[in-house]
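I have placed the structure first, in the form of structure tokens, so that the comments after it can refer back to it.
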Amino acid sequence: MLINKKLLLSVILWLPLQVVAFVPLEQEQAQQRVEQIMDLSGINAMISQAPVLTEDQVRNISVFIVDKDELDGFGELATRIFEPSRLHKAISWSLLRDYDAARYQQILEALNSPIARQMTHLELDASAPAARSKIFEYAQSVRENLPWQRIELIRDLTDASGMVEAMVDVRLGWYESLVRSQNSLLPYEWRISEERLAQVLEELRPRVVRDAREWLLVNSLYAYRNVDDQELLQYVELYEGEAMRWYSKLANRALVDAYKEADAEWAKGVTELLGKPRGTTGGLIK
């Protein structure tokens, strides 16, 4: 069979150009979908609050004896390390690793549904720092008359979303970073070994799981306070679907990985701050 050499040459020259042109387009579509998912799910709004929430936690740390200048240094460090654009980059990269066009389209459709949009809006309102006092006030007001059917629906939702496990991993990672940040500054005989640290984290886990479940329950009771049981059941069923279960695993992993990366930098930064000459006695409370 004769082959037209000019045609063959044109194909050889054309194909690489088309492949090069196609890959960026596919990548661009993937990035657009990931960005839409992060926006619709509330991840972008959540990480925008990270510096404020983290600095608030830093200023309530009880494991260090520090003066005002050192505390300010911790706050500035937290604001820089947990900066939204850095968290956004880490989370989006993680979501891109498992990109599947068909599945991500299903996730987008689920997140863009009226019930998901409504609930995400309520969840973001409840997650704002200013809402914390209102949440506790509401919890006290319903304490004597807890709606058990509502509680079961919320438990089903948290189980389907995997949020308890994600919260626990983030909290334990934060604690681990605090320990590591000071370990190298302690006399050798006072340092915590890797084996002991692993044991402590394992011992802490059940308590952190309990606290996470309790907080999610209280937060959800407040967030969905004006939503009827039928709407909440519809939301639970959405998260129990295959697409949202898969998304929850990816999103929670992305969040945990992003915070682990930030925690490692935080530990390094705190070590450097604590290693500087101090005007007052500091370090780990014995």
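Nothing here was measured: the structure is a model prediction, and the numbers come from that model. Computed over heavy atoms, backbone and side chain alike; hydrogens, waters and symmetry mates excluded.
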Mind checking whether Tyr99 and Tyr104 have parallel, tilted or perpendicular rings, split at 30° and 60°? perpendicular
Applying the side chain to side chain contact (heavy atoms under 4.5 Å, CB included) criterion to Gln234, which one of Asp228, Ile115, Asp229 satisfies it? Ile115
Is a donor on one side and an acceptor on the other found under 3.5 Å between the side chain of Ser92 and the backbone of Lys89? yes
Mind checking what makes side-chain hydrogen bond (donor to acceptor under 3.5 Å, both in side chains) contact with Gln230, not counting sequence neighbours? none
Quick check against the 3.5 Å criterion: does Ser127 have a side-chain atom that pairs as donor or acceptor with the backbone of Leu124? yes
Can you find a heavy atom in the side chain of Glu240 that is under 4.5 Å from one in the side chain of Asp159? no
Does atom CZ of Arg207 have more than 12 heavy-atom neighbours, drawn from other residues, nucleotides or ligands, at distances under 6.0 Å? no
Are the side chain of Asn252 and the backbone of Gly162 linked by a donor-acceptor contact shorter than 3.5 Å? yes
Please answer whether the main-chain N or O of Arg155 pairs with a side-chain N or O of Thr158 as donor and acceptor at a distance below 3.5 Å. yes
Sorted by chain and number, sequence neighbours left out, side-chain hydrogen bond (donor to acceptor under 3.5 Å, both in side chains) with Asp98 holds for Arg253
Between Ala160 and Arg245, what is the shortest heavy-atom contact and its length? CA-NH1, 3.9 Å
Tell me, please, which residues at least two apart from Ser248 pass side-chain hydrogen bond (donor to acceptor under 3.5 Å, both in side chains). none
